Every structure is written in C-alpha cells, then in structure tokens.
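As the structure is a computational prediction, the values presented were derived from the model and not from experiment. Numbering of ligands and ligand atoms starts at 1, following listing order.
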Amino acid sequence: MYEGEARTDETRTARTRETIMSTAKLILEGKEYELPVIEGTEQERAIDCTKLRDTTGYITYDPSYANTGSCRSQLTYIDGEKGILRYRGYPIEDLAGKVRYTTAAYLLIHGELPTREQAIEWRRQLTQNSLIHESMINFFDQFPVTAHPMNILASMVSAMSSFYPYDAEDEEHVYRNVVRLIGQVKTIAAFAYRKSRGEPVIYPRMGYSYPANFLRMMFASPAEDYRVPKVLEEALRVLLIVHLDHEQNCSTSTVRMVGSSLANIYAAVSSGVNALWGRLHGGANQAVIEMLQRIQTDGGDYKKYVAMAKDKNSGFRLMGFGHRVYKNFDPRATILKKACDDVLGTLGINDPLLDIARHLEDTALHDDFFVERKLYPNVDFYSGILYRAIGIPTDMFTVMFAMGRMPGWIAHWLEMRNDPETRIHRPRQIYVGPTVRTSAGRRAVD
Ligand code: SDX
C-alpha cells in the first residue's frame, strides 16, 4: 500500500531507541533531573520533554513553537542555515525541472521514486479520480462572485467528506481518499475560476499530465481545440514541485493537529487550506504581487517601501521576505527566480513587476536591517510573477500553493496516522488570569 509506510511496531520502537543519544541535566529548585537527548539522521538534536511535567511539574514555554519539535518525520529535511530542502532525501534541485509533479508526489507519499509501472498506474488513478461529485458542481453557484477562491477550496474540500465514505480502519478507503484529494484539488481550483467568469467548466481528461490537465481546465474553450503550451506546462510543474512540502509549517501542523483528533482527512486538509490562506503564510504570494503593483502605481519608488519596511511604526512588511527557518536563501526562491527569467524570456514577456522585485531584492540584500535579521526572499517572492505569466489571476495564487502542497499535507497526515507516538495534540499554557474569587454578595444582575 504505502511501501515506505509499512513499518512494523518493532522497527518503530528500534528507531525510537536508536535515536536516544545522551541526556540533558536540568536543575530545578536544587533538584537535578536528567532528560533524554534524541538525534535525527541529520544530527539535529532535541531534548525529549515528553516526561518533563510528570517528573518536574514544570512545562516548557514556546508560544509560536519556534523551538519545539512536534514529531519525528521522514518526509522533508530543511537546513535553514545552508538553504537545503530535500524530499525523502532528494534535494529540491534534483526534482524541480527534472521529474513530473506526480512523481515527486509519489516519492513523498510512498517513500521511494516510483517504477515506470507504478508511475503510470499512479497517474491513471489520479486522473481517474479527478472528477468532482456532480452534486458538488452547483455549490460553486451558491458562492457570491466576490468569494475568495481559498474560501471556495476550503469549503469544497470539507464538503467532500459528505460525498465519499470514510472508514479510518479501511486502508482502501484511505487510499481512495488520498487520490481523490490530489486528483480533485486541481479540478476544484479550475472550476472555481471558470465559474467566477461565467464560463462553462472543462472536465479533466485522461492522457494529459497533471499540470497540462489543469491548464486545459483553466483556459480551454469548448468551442475550439486547445493545445497546452509546453513552456507553461513545465513552469507550472516546477511551481507545484517547489510547493510540495515544507516540514512542520503552519498549515501542515494544522493538518496534523486536526488529524490527531481522528477527524477525517477532508476535515484535516480543509483546516490546512484555511491556515495557508493567511498573509504571513501561503497568502503571501498574493500579497507580494499586490505590494509590487502598489509600488508600480506609486511611480516604482521601491526605495520608499524598503524604508517603510524598516520603520516599525509603518506596520508595513516586505511581503515575500523572511522565513522562520531559512536564515539564508530559500532554495525555492532561487529556483523560481531562474524560472521567471527563463519563462518570461521564452514568452517575450517584459513584466515591470519583475524589475521592481529584482530592485527590491538587490536593495534589501545590501541593507543592514535585512542582513542583520537574515531576511531573504522566500518561495512567495517570485512565484506570483510566474503565475501571472501563466495567466493565473492574483486571487488564485494561494490556491495554486495549496494545489502544490496537497501531497505534502496528505503525506504528513498518513505519517501521523501511522506513528505510534501520535496522541491527540493538546498543548498546555501558563495561566495569568484572575485567581479564585466569588460572586457572593453581589446584587444579582442576570
Ligand atoms: C511561507 O513555515 C514555512 O515553511 C512556510 C512556507 C511553506 O512552504 O510552508 O515556507 C511558506 O509561509 C513563507 C513565508 C511567507 N510570508 C511572508 O513572506 C510574509 C512576510 N514575512 C514575515 O511576516 C516573516 O518573515 C515570517 C512570517 C515569514 C517569519 O516570521 P518570524 O519568524 O516570526 O519573524 P519575526 O516576525 O519574528 O521577524 C523577526 C524580525 C522582526 O524585526 P525585530 O522585531 O527583530 O526588529 O524581522 C522583521 C520583524 O519585524 N521582519 C520583517 C519581515 N519579516 C520579518 N521586516 C520587514 N519585512 C519582512 N518581511
């Protein structure tokens, strides 16, 4: 089923045992405690706090979880200092522009690159399961035309749980739901776009690649033949692969959190879509283009906006800059920046927003404010330029991010589901509210 996932309990226990390296000493109120130190395959180390409260009565405090490991994972490795991103050990540079998006998705979910036969069967299943339930098609008409496509996507993914059986113990059900989600996310995205323009929806067809099927559904007309431009198919393939996964980011952690309560996969993924929508996360790609357009409208004065970003009181941030993990370049931004040059050059597009982006990057990379804070362009900084070149409207950019990330969310959901260490996620808190008091003696006001 999932070759990489069919671990036995023995191997899991052995894996847990082998990763305990040494111990950390903690002295609290004069008493000494020893906590295990665990180490990953890339020599990352963590203090295992799973027994901290039981043994010391203390908890850790880490409001944005920046210093907290929530799980062990075999999916994606990021080295933020060296700008390294690997899916199941394969560097992103070995995959983007080199393999099909569906091949990279297979690798992430199954743990190994597919054989030719596995790849063909995987693609067949994804396309065969890419038609959405016919009863869901009229849902698009119930949204106001102003509805944001991320709202439509989150709603439609959640609604899928009403149309498809879900038995968590039935591996066949689980697998069918996996291929439905990956297959149908592109159909939902394309249908939302077509419906927003009052155009007839175009159904997916066998024999087209994942990106080509999406581009057909977006831009073909029932009135004439449509040939998918190869350069756009390739550009979209690169975009989908660089967005595939990114370890415990906000939306992926949300999918794991919701999944840990045993809510169904559609509920968990729909929650991930909503988390991705935020401007500080996947919504940044739309915010970047809106920022570049604002600078363009403002006479192209990018230096003014760099100055605003440095002024705490302005409330303005350079969207597409900075990252919680990458404290050097984001390898995905490097790949997308080159793709922008290649694709726009091939298409003969001279996008003034790309020039503004380049000026912003160059100015920021030589400005102490950004250098000291290690703020570099992230995946969202150049992706919008490419989406524009492909013809994707700005309000669809984050939907495109979700399309690429779908296999990543699913791979984490599957890994969490199969991990013996998984328990329902339930962080603690430090209470700072009123201490006990009584309402006795007060005149009843209810
Ligand atoms: C994604 O986690 C992932 O892996 C996410 C993602 C994925 O693939 O899933 O990579 C996708 O979400 C990429 C990030 C997209 N978001 C943006 O581009 C929005 C703009 N960036 C920031 O808001 C910010 O950099 C974050 C949200 C990305 C990271 O926030 P952090 O780690 O909490 O950093 P911070 O807010 O604590 O900032 C540290 C300092 C602060 O200044 P000081 O208080 O130290 O003086 O850097 C400043 C911030 O004010 N800062 C910025 C800035 N980002 C941080 N200043 C100006 N412009 C910015 N973009």
Residues K337 and E361 bridged, charged N to O under 4.0 Å: yes
Salt bridge between E415 and R72, side-chain N to carboxylate O under 4.0 Å? no
Sort out the contact shell of ligand 1: every protein residue with a heavy-atom distance below 4.0 Å, listed by chain and number. H246, N249, R279, L280, H281, A284, A309, K312, R317, L318, M319, G320, F321, G322, H323, R324, R332, F369, R373, L375, N378, D380, F401, R405
Ring centres under 6.0 Å, that's the criterion: do F321 and Y376 meet it? no
What about H246 and Y326, are their ring centers closer than 6.0 Å? yes
Take Y175 and Q125 through the side-chain hydrogen bond (donor to acceptor under 3.5 Å, both in side chains) test and state the conclusion after the steps. CA-CA 10 Å; Y175 188 74; Q125 290 177 9; 2.8 Å; yes
Short side-chain to backbone donor-acceptor contact, N285 and D380, under 3.5 Å: no
